[in-house]
Amino acid sequence: MSVTITLPDGSERTYAEPVTALRVAEDISPRLAKAAVAAEVDGLPRDLSFAVSEGTHALRILTDRDAASLEILRHTAAHVMAQAVVRLYGREVQYTIGPALVNDFQYGFYYDFDLPRPLTQDDLPKIEAEMAKIVAEKIPIEREELPVAEAKARFEQLGQSYKVEMIDELAREQGARTVSLYRQGDFLDMCRGPHLPDTGRLGKAFKLLTTAGAYWRGDENNKMLTRLYGVAFFDPKALQEHLTRIEEARKRDHRVLGRQLGLFQFSDAVGPGLPLWLPKGAILRMELEGWLRGELLKRGYLPVVTPHVGKVDLWRTSGHYPYYEHGLFPTMHLRDVENVPEGQEDGYLLKPMNCPFHIQIYKSSQRSYRELPLRFSEFGTVYRFEQSGELSGLTRVRGFTQDDAHIFCTPEQLEGEIESCVELTKLCLATLGLEDYRVRVGLRDPDDAKYTGSSENWDRAEANIRHVVRKLGMNSSEEPGEAAFYGPKIDFVVKDCIGREWQLGTIQVDYNLPERFGLEYIGADNAPHRPVMIHRAPLGSPERFIGILIEHFAGAFPLWLSPVQIAVLPVSDKYNEYGAQVSRALREAGLRVELDDSPEKIGAKIRRATLEKVPYMAVVGAREAESSTVSVRHRTEGDLGAMSAGEFTDALRREIATKGRETLVRERLSAASGR
RNA sequence: GCCAGCGUAGCUCAACGGUAGAGCACCGCUUUUGUAAAGCGGUGGUUGUGGGUUCGAUUCCCACCGCUGGCUCCA
């Protein structure tokens, strides 16, 4: 009959009877006990009040220095917030769920409430003040384990019907016999825990950030609850840094930079989610697309061009229409202007995808196995009627282009083709320096009826994808329910400046549309066979990709993508003529140049070009005109010294060829330091 | 689509019941300038749209449109 506790440093402590984690901490040192936040017993997070039972157990005392503690702090913060809301808004407040978030860029926790009226921004200061009171009261947080029936009775008594529903569900789906409750004074919640030992430990480094609506259980058929988001840290300095980081991130927001740099705009006169690319944005986009087009040709892709509208029937055959009708721009009816043949549906759609058109091209002649794989590529603009609340800058729009292609191949060729698609997608990300992405393998959700095709087809497609992912050793996560309705996919997902995830590149395996459209090729055996399709887009969409790119570079694009590559800046009007000469020479060398012949002083011109994030400036005055040179300045590195226009051009061409490395800067700086 | 907030000059913001103001940008004049903002002057607004309350609305109320943060959705 004894308790043996092994500590992380390997030492052991023995107790005659069960002992709480806190007691052990006290025995180790009073300072540790004071700093203790929670414990980890046999690898599981526990409260400090947790009693370690007989036998041998590994114990670790968690302090604010442990990463795992932050989640506990934030979870307690959510409870304290809920307690404050109940205190302020009365017993008719229903509290539902309130988890900690540790990987979110902005938020640290939230709690969803059902209240007589939704809370607004104006309520937050009051709630924060009440939370501060609760912290000052240092209310002990106590855990108890109750049988399901008893716990239900408690919450029924409190009128907390959501909690009752959750307990029922725990009992039904996980066979729970008991549930754990946490009480802090007048507030009782069902929670797995662990929590801080008392509300005082929350401290002052918390802040409520925003309110939002959220459907109960994330289902839009359910009631909309009020969600409060907040964040908490152990250290007020860390909170301040966090808030500053959010503020900084908002400065890179592509919507802000897009306007500042004159890349794109939206116009009420045109309609929401329909971007207008301004000249500078259009150049950037053309450069990116032009590069990718070259890569596609090298890889045996065949360009095709297809229209923006097509008959509804096409989308019925593909299967898009019934499932995604609400996601389409409304059907155009032609009966009033044209005869619609008997038996043919009257209607055209603005295309939501390019695949049915590419399929028609496949079908335009009889195909032999000798032709396969056929890779039809098109930067096709598609239109999807996204819900109004979903629209967001360039990352979620209603009219956008896909760097699309459909690969038609034999089942034997499929995995090799998937592999090359993965490599091309990785090349795109690597070329732009987007290293921070995750790979998601989207599989069907077996409980959802929206997927088309046989389960054999799905099994095959999912197996193909898994093979390739394994073969390439890709670090990826499988997510059921993330497949396209016709097939599973590999998605490349990145985050924007405030941590929202967006899918960029995608590779989708599809056995189903070839079936639905009756595609065939004649095999070596002279018999018809069914091809497999891959839908793939390495950028995903230039719109979204560039949106992310703007944030990635904070608007300071590498030379090859910069809308203006060189600003020629005459020191005064007197040198405008020489400046124009230099500009002409650079432009003839294929560089994008802007001559600033405004009556400003040189300092102002430099400032303007720098704010516009033009990579290089060529300052020209008497000295340069005299010696036929330009004084080169880099947007961040400053003065790089004088060189001839020819030397400058050559250096920039070399730098453009690298697609990113600032070779000229390096050359000049190393020359300078070598001197 | 749902919840909340916001919509004032091209941009960033002020005025908050008494018929709008600043900085930047733009235009003009002076200055002819050497590596992140020269000086002076000027143009510019049916205060998102439509109703309502009021002697009077940018300000208060309602509806719509748009934007922002979430939720849902996302081929």
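Predicted, not measured: the structure shown is a model, and the values here were computed from it. Chain letters run A, B, ... following the sequence lines, proteins first, then strands; residues in each count from 1.
Nucleotides rG52(B) and rG17(B) have their C1' atoms positioned 16 Å apart, rounded to a whole Å.
Taking 4.0 Å as the cut-off between side-chain N and carboxylate O, R245(A) and E248(A) do not count as a salt-bridged pair. The pair D253(A)-R250(A) does not meet the salt-bridge criterion, since no charged nitrogen lies less than 4.0 angstrom from a carboxylate oxygen. A salt bridge does not link D496(A) with R396(A): none of the charged nitrogens is closer than 4.0 Å to a carboxylate oxygen. Classification of E594(A) and K280(A) as a salt-bridged pair holds, one side-chain N sitting under 4.0 Å from a carboxylate O. A salt bridge is defined here as a Lys NZ or Arg NE, NH1 or NH2 lying under 4.0 Å from an Asp or Glu carboxylate O, and D219(A) with R217(A) fails to meet this definition.
In this structure a side-chain-to-backbone donor-acceptor pair under 3.5 Å is present from K613(A) to A554(A).
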Verdict with supporting geometry, S318(A) and Y324(A), side chain to side chain donor-acceptor pair (under 3.5 Å): CA-CA 11 Å; S318(A) 73; Y324(A) 296 106; over 6 Å; no
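Within residues 261-268 of chain A, the residues having any heavy atom closer than 4.0 Å to RNA chain B are, in order of number, D268(A). Near RNA chain B, meaning a heavy atom under 4.0 Å away, the residues from residues 311-323 of chain A are H320(A).
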Give the table of side-chain donor-acceptor pairs shorter than 3.5 Å for residues 538-547 of chain A, with sequence neighbours excluded, one pair per line with atom names and distance.
unit_1: S541(A); atom_1: OG; unit_2: T401(A); atom_2: O; d: 3.1
unit_1: S541(A); atom_1: OG; unit_2: E543(A); atom_2: N; d: 3.1
unit_1: S541(A); atom_1: OG; unit_2: E543(A); atom_2: OE1; d: 3.0
unit_1: S541(A); atom_1: OG; unit_2: R544(A); atom_2: N; d: 3.4
unit_1: E543(A); atom_1: OE1; unit_2: T401(A); atom_2: N; d: 2.9
unit_1: E543(A); atom_1: OE2; unit_2: R285(A); atom_2: NH1; d: 3.0
unit_1: E543(A); atom_1: OE2; unit_2: T401(A); atom_2: N; d: 3.2
unit_1: E543(A); atom_1: OE2; unit_2: T401(A); atom_2: OG1; d: 3.3
unit_1: R544(A); atom_1: NE; unit_2: T395(A); atom_2: O; d: 2.8
unit_1: R544(A); atom_1: NH1; unit_2: Q503(A); atom_2: O; d: 2.8
unit_1: R544(A); atom_1: NH2; unit_2: T395(A); atom_2: O; d: 3.0

Counting only pairs under 3.5 Å, give me each side-chain donor-acceptor contact of residues 478-486 of chain A, with atom names and distances, residues two or more places apart or in other chains.
unit_1: E478(A); atom_1: OE1; unit_2: R466(A); atom_2: NE; d: 3.4
unit_1: E478(A); atom_1: OE1; unit_2: R466(A); atom_2: NH2; d: 3.0
unit_1: E478(A); atom_1: OE2; unit_2: R466(A); atom_2: NE; d: 2.6
unit_1: E479(A); atom_1: OE2; unit_2: R438(A); atom_2: NH1; d: 3.0
unit_1: E479(A); atom_1: OE2; unit_2: R438(A); atom_2: NH2; d: 3.4
unit_1: E479(A); atom_1: OE2; unit_2: S477(A); atom_2: OG; d: 3.4
unit_1: Y486(A); atom_1: OH; unit_2: Q508(A); atom_2: OE1; d: 2.4

Would you list the protein and nucleotides 42-45 of chain B atom pairs, both N or O, that sit under 3.5 Å from each other?
none

Could you list, one pair per line, each protein nitrogen or oxygen that sits under 3.5 Å from a nitrogen or oxygen of nucleotides 12-14 of chain B, together with the distance?
unit_1: rU12(B); atom_1: OP1; unit_2: R259(A); atom_2: NH1; d: 3.2

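Applying the ring pair (Phe, Tyr, Trp, His ring centres under 6.0 Å) definition to pairs two or more places apart or across chains, those involving residues 206-227 of chain A are Y162(A)-W216(A). For the ring pair (Phe, Tyr, Trp, His ring centres under 6.0 Å) condition, the pairs that include at least one residue of residues 607-642 of chain A, sequence neighbours left out, are Y616(A)-H634(A).
A sub-4.0 Å separation between OP1 or OP2 of rC3(B) and a side-chain N or O of T226(A) is absent. For the pair Q503(A) and rA75(B), the criterion of a side-chain N or O lying under 4.0 Å from OP1 or OP2 is not met.
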B/S/- contact track for nucleotides 24-33 of chain B, protein heavy atom under 4.0 Å: --S-----BB
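Between rG69(B), rA75(B), rA36(B), one nucleotide has an atom nearer to the side chain of R500(A) than all others, and that is rG69(B). Looking at the side chain of T120(A), the nearest of the listed nucleotides rG69(B), rA4(B), rC71(B) is rA4(B). In the set rA4(B), rC74(B), rA75(B), rA4(B) carries the atom at the smallest distance from any side-chain atom of P118(A). Counting only heavy atoms from C-beta on, Y229(A) has its side chain closest to rC71(B) among rU68(B), rC71(B), rA75(B).
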Strand RNA chain B in bracket notation, Watson-Crick/G-U under 3.5 Å with | for pairs to another chain: (((((((..((((....[..)))).(((((.......))))).....(((((..]....))))))))))))....
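Counting to the nearest Å, the C1' atom of rC74(B) and the OH atom of Y451(A) are 12 Å from each other. With rounding to whole Å, R398(A) atom CZ is found 13 Å from rC67(B) atom C1'.
Scored by the salt bridge (charged side-chain N to carboxylate O under 4.0 Å, His left out) test, E128(A) finds no partners at all (sequence neighbours excluded). Residues passing the side-chain hydrogen bond (donor to acceptor under 3.5 Å, both in side chains) test with R316(A) are E345(A), sequence neighbours excluded.
With its ring centre under 5.5 Å from that of the base six-membered ring and a plane angle below 30°, Y324(A) counts as stacked on rA75(B).
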